[in-house]
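The next block holds one structure in the form of structure tokens; read it before the comments.
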Amino acid sequence: MKILITGLWICAVTIASCYGAVTFGGGIFSKKTEPYLEGLQYQKLAPINIPMIADGRVQGYVIAVLVFTADAKLMHTLPVPPNAFVVDEAFRQIYGDTALDFRKLAKYDITKRLAEVRAKVNERLGGDVVKDVLVDEINFVAKREVRS
């Protein structure tokens, strides 16, 4: 009889402790969820082919692959993705740059040019959406090297 009462006592204590742990200790064992921080979103653009014209003729093409980072939260709220704006502004900046002459190669301030692209895109989008514009690849292909 003693063994039976001891067994029942052990079962009752175990059930009561399990019930107490689930009821009162729910905050201890539950996972803590932290707010999701979206941060920056990385977007790689398709290659851009920009004709370089000098003396009334096409001298060659600048082929650039650009990447930009943007505020992910703002990216989801924009009615139009900023990809087209970045491509358009990069094309305008490189095509219209008179200092860029591949016949007389010299150092080129690409950092300044990319900062201008970022500033113009953000101006056109009406907010600080694009955080940085980066160069993934940039090449010049002379017209004589282009296959028809």
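All residue numbers in this chain count up from 1 along the given sequence.
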Name all residues meeting the side chain to side chain contact (heavy atoms under 4.5 Å, CB included) criterion together with Lys2; count only those two or more places apart in sequence or in a different chain, and write none if there are none.
none
Within one Ile-Leu-Val-Met-Phe-Trp-Tyr cluster: Ile50 and Val117, side-chain cutoff 4.5 Å:
yes
Are more than 12 heavy atoms from other residues, nucleotides or ligands located less than 6.0 Å from atom NZ of Lys120?
no
Interatomic distance, Met1 atom CE to Ile5 atom CD1 [nearest 0.5 angstrom]:
4.5 Å
Evaluate Val62 against Ile138 for side-chain contact (heavy atoms from CB on, under 4.5 Å), listing each step before the verdict.
CA-CA 7 Å; Val62 172; Ile138 190 164; 4.0 Å; yes
Any chance you could measure Met52, atom CE, to Ile94, atom CD1, to the nearest 0.5 Å?
8.0 Å
Return the CG to NZ distance between Leu40 and Lys131, rounded to the nearest 0.5 Å.
7.0 Å
By salt bridge (charged side-chain N to carboxylate O under 4.0 Å, His left out), Arg118 pairs with (sequence neighbours left out) none
For Val130, does its backbone N or O pair with a side-chain atom of Asn122 as donor and acceptor, under 3.5 Å?
yes
When hydrophobic residues are tied together by side-chain contacts of less than 4.5 Å, even through go-betweens, does Leu134 share a cluster with Leu45?
no
Neighbour count above 12 (heavy atom, 6.0 Å) for Ile3 CD1:
no
Between Val129 and Val80, is there a shared hydrophobic cluster once you connect ILVMFWY residues whose side-chain heavy atoms come closer than 4.5 Å?
yes
Taking it one step at a time, do Asp71 and Asp128 satisfy side-chain contact (heavy atoms from CB on, under 4.5 Å)?
CA-CA 8 Å; Asp71 187 349; Asp128 192 26; over 6 Å; no
Return each pair, listed once, that meets salt bridge (Lys or Arg N to Asp or Glu O under 4.0 Å) where at least one residue sits in residues 44-54; pairs must be two or more places apart or across chains.
Lys44-Asp136
Sequence-distant partners of Gln43, side chain to side chain contact (heavy atoms under 4.5 Å, CB included), two or more places apart:
Gln41, Phe68, Met75, Asn83
Let me check something: do Val86 and Leu78 share a hydrophobic cluster, defined by ILVMFWY side-chain heavy atoms less than 4.5 Å apart, either directly or through other members?
yes
Taking the side chain as every heavy atom from C-beta outward, state whether Thr111 and Asp109 have any atom pair closer than 4.5 Å.
yes
Close side-chain approach of Ile48 to Ile63, heavy-atom, < 4.5 Å:
no
Partners meeting side chain to side chain contact (heavy atoms under 4.5 Å, CB included) with Arg124 (sequence neighbours left out):
Phe85, Asp88, Glu89, Arg92
For Ile53, all residues meeting side chain to side chain contact (heavy atoms under 4.5 Å, CB included), sequence neighbours excluded:
Val58, Tyr95
Are Val67 and Leu74 co-members of a hydrophobic cluster defined by side-chain heavy atoms under 4.5 Å apart?
no
